[in-house]
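Worksheet: one structure, shown below.
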Amino acid sequence: PIPCVPWQSQTSGQYQRRVHGRLSCRRQNKKRKQKETETAEEKKDVETAGSPAKKKRRRNPRKKFAKWKEVNNTKTVYVQNLPTDPDFTLEEFARFMSTCGVLQKDTKTDKERVKLYRNKDGSLKGDGLVSYFYDESAQMALRLKDGSMIREHKISVQMAKFGRSSETAKAHRG
């Protein structure tokens with residue numbers, strides 16, 4: 001940068017003009033920086049035009065989800081073959097499953113962590129997820145509720161497996 005000397009008075013923010021009416025030091029420095037950036041951009045354009053385009057590296061999706069496979073779930077159960085009636089509610093499902101133990105509560109909403117899966121049109125799929133507070137409660141739900149009846153439907157209860165959606169669906173089916 002070109003050295004600049006401020007005026008004698010401290011209140012004035014102006015800088016001394018150079019001899020023969022040249023621009024102030026600030027303006028000169030600003031213009032010089034603009035020229036430097038323009039030349040740097042031109043150099044980049046020349047370098048990229050001469051060399052072939054680099055391929056972008058794609059992430060390996062297996063690495064991203066590898067940790068999900070290692071998660072050992074001991075408190076959440078997956079329930080299949082639930083009623084698909086529109087009047088089958090989350091509260092009824094929670095009441096039915098809470099006979100095996102204390103249900104885990106969501107910290108934000110303070111409601112039980114129970115989920116009924118739905119289709120895109122909003123109708124029930126017949127699958128659900130329940131999270132218990134204790135491991136023993138989930139084990140008890142496996143023993144007591146697997147094969148039990150709810151609204152004339154024989155339900156299937158198993159430990160939930162978390163992962164990518166395609167892998168999870170295959171794991172729950174068999």
Side-chain angles (χ1 to χ4, degrees), residues 33-34 37-174:
K33 286 181 183 177
Q34 285 176 350
T37 55
E38 288 173 3
T39 56
E41 289 173 2
E42 290 173 5
K43 286 181 182 177
K44 285 182 184 178
D45 291 339
V46 171
E47 289 175 3
T48 56
S51 64
K54 291 183 179 179
K55 291 183 181 179
K56 291 184 178 179
R57 287 185 61 186
R58 295 176 72 185
R59 288 186 189 171
N60 188 351
R62 291 183 202 135
K63 288 182 182 177
K64 183 177 180 182
F65 296 106
K67 292 180 183 176
W68 288 19
K69 294 176 186 173
E70 297 171 7
V71 172
N72 188 11
N73 172 41
T74 58
K75 297 180 181 182
T76 307
V77 294
Y78 181 73
V79 184
Q80 290 178 314
N81 200 23
L82 290 168
T84 56
D85 306 333
D87 59 335
F88 183 69
T89 62
L90 201 62
E91 290 78 20
E92 184 179 353
F93 180 51
R95 194 173 340 106
F96 177 75
M97 295 303 287
S98 66
T99 57
C100 296
V102 179
L103 298 179
Q104 199 173 32
K105 293 204 176 202
D106 189 15
T107 55
K108 292 180 182 176
T109 61
D110 203 38
K111 295 181 182 177
E112 285 111 359
R113 290 187 60 186
V114 178
K115 181 177 183 176
L116 288 174
Y117 289 99
R118 298 183 179 272
N119 293 319
K120 290 183 181 178
D121 62 350
S123 62
L124 292 172
K125 281 187 175 182
D127 298 338
L129 201 65
V130 180
S131 293
Y132 288 99
F133 195 74
Y134 300 107
D135 300 343
E136 294 81 15
S137 301
Q139 295 299 323
M140 189 185 302
L142 280 174
R143 281 186 267 117
L144 297 177
K145 296 295 183 179
D146 190 27
S148 65
M149 300 290 282
I150 181 171
R151 286 196 184 183
E152 300 168 1
H153 288 264
K154 187 176 180 180
I155 62 171
S156 168
V157 180
Q158 58 194 37
M159 292 305 288
K161 298 175 180 94
F162 297 105
R164 285 190 283 188
S165 59
S166 61
E167 291 175 2
T168 307
K170 289 176 187 175
H172 285 299
R173 284 189 205 123

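Residue numbers run from 1 in the order of the sequence given. Just so we're clear, the structure is a prediction, and the values are computed from it rather than from any experiment.
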For this session: Please report the closest heavy-atom contact between L129 and A160, naming both atoms and the distance.
Result: CD1-CB, 3.8 Å
Problem set entry | Distance, nearest 0.5 Å, that separates CD of E136 from NZ of K75 | 9.0 Å
Exercise. Of the non-hydrogen atoms in L124 and N119, which two are nearest, and what is the gap between them?
Worked result: O-ND2, 4.0 Å
Problem set entry | Approximate separation, where rounding is to 0.5 Å, of M149 CE and F96 CZ | 10.0 Å
Exercise. How about L103 and V130: do any of their side-chain heavy atoms sit closer than 4.5 Å?
Worked result: yes
Problem set entry | Results of side chain to side chain donor-acceptor pair (under 3.5 Å) for R95 - residues two or more places apart only | none
Problem set entry | Non-hydrogen atoms of A138 and T74 that approach each other most closely | CB-O, 3.5 Å
Seminar exercise, completed: Nearest heavy-atom approach of P83 to F88 is O-CD2, 3.8 Å
Exercise. Given D146 and K154, is the salt bridge (charged side-chain N to carboxylate O under 4.0 Å, His left out) satisfied, shown in steps?
Worked result: CA-CA 8 Å; D146 190 27; K154 187 176 180 180; over 6 Å; no
Between side-chain atoms of residues 110-118 and protein atoms elsewhere (two or more places apart, or another chain), which donor-acceptor pairs fall under 3.5 Å?
from: R113; atom 1: NH1; to: Q104; atom 2: OE1; distance (Å): 3.4
from: R118; atom 1: NH1; to: G122; atom 2: O; distance (Å): 3.0

Exercise. Taking the side chain as C-beta and beyond, is there a heavy-atom pair between M159 and L142 under 4.5 Å?
Worked result: yes
Exercise. What is the distance from atom CG of D85 to atom CD of E92, rounded to the nearest 0.5 Å?
Worked result: 9.0 Å
Problem set entry | Exercise: identify the closest heavy-atom pair between S137 and G101 | OG-CA, 3.5 Å
For this session: Decide yes or no on side-chain hydrogen bond (donor to acceptor under 3.5 Å, both in side chains) for T99 and K145, but give the supporting numbers first.
Result: CA-CA 9 Å; T99 57; K145 296 295 183 179; 2.9 Å; yes
For this session: Looking only at non-hydrogen atoms, find the nearest pair between Y132 and M97 and report the distance.
Result: OH-O, 2.7 Å
